[in-house]
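In listed order, ligands and their atoms are each counted from 1.
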Amino acid sequence: MCGIVGYAGPRDCSEVLVSTLTNLEYRGYDSAGIAVFDEKNIIETVKSEGKLSNLKNKLETLGKPEGHIGIGHTRWATHGEPSDVNSHPHSAPRVTIVHNGIIENYQELKEFLTGKGKTFISETDTEVVAQLLDYYYDGDPITTIDKVMGEVTGSFALGIMFAEFPDRIYAVRRESPLIVGVADGESFIASDVTAILQYTKNYYLLEHDEIATLTRDSVSFVDKYLNPIEKELKVADWDREAAQKAGYPHFMIKEINEQPTAISTTVNPRIRGGLPNLDECGLTLDILKDLKSITVVACGTAMHAGMVGKYVIEDIARVPVNVDIASEFRYRNPIIGEGDLVIIISQSGETADSLAALRLSKQRGAKVLAIVNAKGSSIAREADMVIYTLAGPEIAVASTKAYITQISVMYLFAFELALAKGTVSTAECKRLTSALQKMPEAVKYVIESVDEICQYVGSKLITADSLLYIGRGLDYALSMEGSLKLKEVSYIHSESYAAGELKHGTISLIDDEMPVIAVATQSDLIEKTISNVVEVKSRGAKVILVCTDSCANKIKDGIADYKIIIPHIDELLMPITAVLPLQILAYYTSVNRGNNPDQPRNLAKSVTVE
Ligand code: M6R
């Protein structure tokens, strides 16, 4: 997703812009650029298709703009292919801008401006906004921005420089996130706070349609009626080190290794007297005991965390759970209303479809609980109740530690719900809670013990064109996540299938070129899953079996080509450890194929547009 940065202060602006853009690389992008007021107060723009290294080379070859105020951008192409000309910043005679998001009515505005004699050099919606700002420019940047905000529709964030005001930059947003950072004698804008952690932890959250003005030593805000406003200064509780690789070759493997800490940080503060306690968000036992059904809405990995939650909640709390993909839910006229609980799960808290699902649920009278990692994000702020996953910043596009904390919260929720419903005794709830608290040690052990075999199996998968993941029950919910992880970082096609569904069509795909990864951690389902493994094996598939040590004893030799064995723990909690070999396998397969697992092609970390 596009990343915006901006700087006003004493430092070399080009350097600050490039370093803050580097911190946003994880969001995914295909071109980058900067614009800086030079020593003569002229705006100099340098941009380049491809990675930031291309931009850096260009800055070295052409000479970087020397100045102290400027804006920068990493672009994830939507309108027009990745190219130098479509890269941001975009300029009109008196305005230069960077933009994240989508201007929905840009065609209409483009026709209007073309009729007024304006010409365009790029295919982007961004250039239309630059020209519109220039068209309405009345000598006052704030009233000009306000006029343009009244004309454009969509969800977007903008960083703006006006040629006549070389001492400042402006920022405005609608839906897409944007923060304003402050330090002594300098100020910043950024799409998220991780971009500026090396300079400051102090920041303001810009709200919809508010306009910020930043100079070296001041920041000021007006609301959408152009009244000056005071905003609450926030302090990021993520530090710079958390957003750096710390000696690991990639963020993905660093974040996999951070999972023990992520679980304990998320789980421990929510346990009192040996029992889960989610009072912090307003979920009391009284509210929980009246719940009739639950709908979980999310996208991608977060939706897969919801699937694990469904199996666990239905199993122990006996409350029906419907799990929905946010992009389907929002357009499906869902049956949601007063008395219903909708749980929105999101790492970024900014996913456009999940946010829309939240708003729709609230409109219809449902109560919304958000399970979110990014503090102060739109989903966290708009939900009725929030439980934060305390995973710290997740930089790799492929979600790992966020997923494990999302399912940890689903367990806490399920245990407390089961207690409220009386479907488990206090003693049983305490036993489950204590088992959950021991997960960090188990996770640490599994990460270390499966590394070598995952590396080896990963090396065998590099030539595969397509793979199948199978499992039953919780193992099926988990195999969905395993399959997504592999395909997003290795670019090998893969699907997950409920093992019992294979015979109803998909087994026709099986031959000796289609490896099958079978997850079998549930003892009551092991025989069924193994019979599906035998079926695919006899049709030529190479089988990789992920199973527990106790299940492994029940499986005859020769049934699987490779076994990845993990210790048997409470079976309800198995997804917490069984996901690890799937994550690690995806990681090594990606690396073995020469990919960068942190920035998979075509993907963005946070999908803030539809
Ligand atoms: O920020 P969110 O959790 O709302 O993001 C949802 C998905 O886009 C995300 O989980 C995506 O599927 C991950 N890249 C998968 O690893």
Return a yes/no value for [X]: is any of its N or O atoms, backbone included, closer than 3.5 angstrom to an N or O of ligand 1?
| X | answer |
| --- | --- |
| S399 | yes |
| V397 | yes |
| K485 | yes |

Query raised in the report: Quick check, are the ring centers of H250 and Y587 under 6.0 angstrom apart?
Result: yes

Query raised in the report: Do the two ring centres, one from Y469 and one from Y497, sit under 6.0 Å apart?
Result: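 Not close enough - the centres of the two rings lie 6.0 Å or further apart.
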
Query raised in the report: Would you find more than 12 non-hydrogen atoms of other residues, nucleotides or ligands less than 6.0 Å from K310 atom NZ?
Result: yes

Tell me, which protein residue and heavy-atom name are nearest [atom], and how many Å apart are they?
| atom | result |
| --- | --- |
| atom 2 (P) of ligand 1 | T351 OG1, 3.2 Å |
| atom 7 (C) of ligand 1 | C299 O, 3.6 Å |
| atom 11 (C) of ligand 1 | T301 N, 4.1 Å |
| atom 8 (O) of ligand 1 | V607 CG2, 4.2 Å |

Closer than 4.0 Å to some heavy atom of [X] - which atoms of ligand 1 meet that?
| X | value |
| --- | --- |
| S348 | 1 (O), 2 (P), 4 (O) |
| Q347 | 1 (O), 2 (P), 3 (O), 4 (O) |
| A398 | 16 (O) |
| A302 | 3 (O), 10 (O) |

Checking side-chain polar atoms at under 3.5 Å, does [X] have a donor or acceptor matched by the opposite partner on [Y]?
| X | Y | result |
| --- | --- | --- |
| K485 | T301 | yes |
| N373 | T389 | yes |
| D192 | T194 | yes |

Report task. Would you mind telling me if ligand 1 is within reach of the side chain of E488, the backbone, both or neither, using heavy atoms under 4.0 Å? Result -> side chain

Query raised in the report: Does the pair R173 and E175 meet the rule for a salt bridge (charged side-chain N to carboxylate O under 4.0 Å, His left out), with working shown?
Result: CA-CA 6 Å; R173 76 166 190 121; E175 308 291 349; over 6 Å; no

Report task. Assign the ring pair Y562 / Y456 to parallel, tilted or perpendicular, where the plane angle (0 to 90°) is split at 30° and 60°. Result -> perpendicular

